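A short write-up of the structure that comes next.
Keep in mind that what you see is a predicted model, and the values were worked out from it rather than measured.
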Amino acid sequence: MSGPGPADGGVLTSLTAVASLLAPDQPAVAEQVRHAHEDPEGYVSTYADRLDDRGIDEPFPGLAWIALVDALHERRLLAEFDWKEGADEIRFGLRGLASRPSVDPWALFDDAESELTAHDFLEACGRHYREVGAALVVLDIESDCYPVAGLRAGRVDELVSLAKSAGFAAWPLGVQAGQ
């Protein structure tokens, strides 16, 4: 995984802005990101059990991004789906998000969509979320899974830009190229 080194203050500003955007009422998310960025050895020590599940046992340039994903997941602001996950598991995970939209997008689904692959089903979810003014974004951790977070559709470009400024990738689901 790419990513910046701990000395880059602009990166930290972008990372904490992403954390604040995805967890506006949860300052502890930004604090965990800051901890991973400013004291990677300490972060690895503090969160050794959680990081062990990811096969991480020492600092690396993308640690703060992983800290963001894990902190969001811990607070039900992100769901992580395997590439071979079924539609029912994805639906269950998205319904459990604290950031789910107030208008239920699930009424917009048709039966055939539940037969799609995980990637295609997530894209369909993204399209339907957009129809109700929400968005789903993937926070890329260069893995075979999809860490998915929800936010207002109008904030997606800001999130993608902030992630890029921090040296990481995020993209919206259910959006055609050029939209």
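- With sequence neighbours left out, Y47 forms a ring pair (Phe, Tyr, Trp, His ring centres under 6.0 Å) with Y43.
- Formation of a donor-acceptor pair under 3.5 Å by the S20 side chain with backbone atoms of T16 is found in this model.
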Determine all donor-acceptor pairs shorter than 3.5 Å in which one atom belongs to a side chain in residues 83-92; sequence neighbours excluded.
from, atom 1, to, atom 2, distance (Å)
E85, OE1, D82, N, 3.1
E89, OE1, G86, N, 3.1

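- Within 6.0 Å of the CG atom in D144, the count of heavy atoms belonging to other residues, nucleotides or ligands exceeds 12.
- Sorted by first and then second residue, the pairs that involve residues 121-142 and meet ring-ring contact (aromatic ring centres under 6.0 Å, His included), not counting sequence neighbours, are F109-F121, F109-H128.
- Remark: Q32 CD to L72 CG distance equals 9.0 Å, nearest 0.5 Å.
- Scored by the salt bridge (Lys or Arg N to Asp or Glu O under 4.0 Å) test, E31 finds R34 as partners (sequence neighbours excluded).
- Under a cut-off of 6.0 angstrom, the local environment of CZ in R152 is sparse, with at most 12 non-hydrogen atoms contributed by other residues, nucleotides or ligands.
- Remark: R127 engages no residue in a salt bridge (Lys or Arg N to Asp or Glu O under 4.0 Å) (not counting sequence neighbours).
- A donor-acceptor distance shorter than 3.5 angstrom exists from the side chain of E123 to the backbone of G174, with no hydrogens or angles considered.
- Distance alone, capped at 3.5 Å, places no donor-acceptor pair between the S45 side chain and the E41 backbone.
- Pairs engaging residues 53-81 under the salt bridge (Lys or Arg N to Asp or Glu O under 4.0 Å) rule: R50-D70, R50-E74, R54-D70, R54-E80 [sequence neighbours left out].
- A pairwise comparison of heavy atoms in L77 and A149 identifies O-CB, 3.5 Å as the closest pair.
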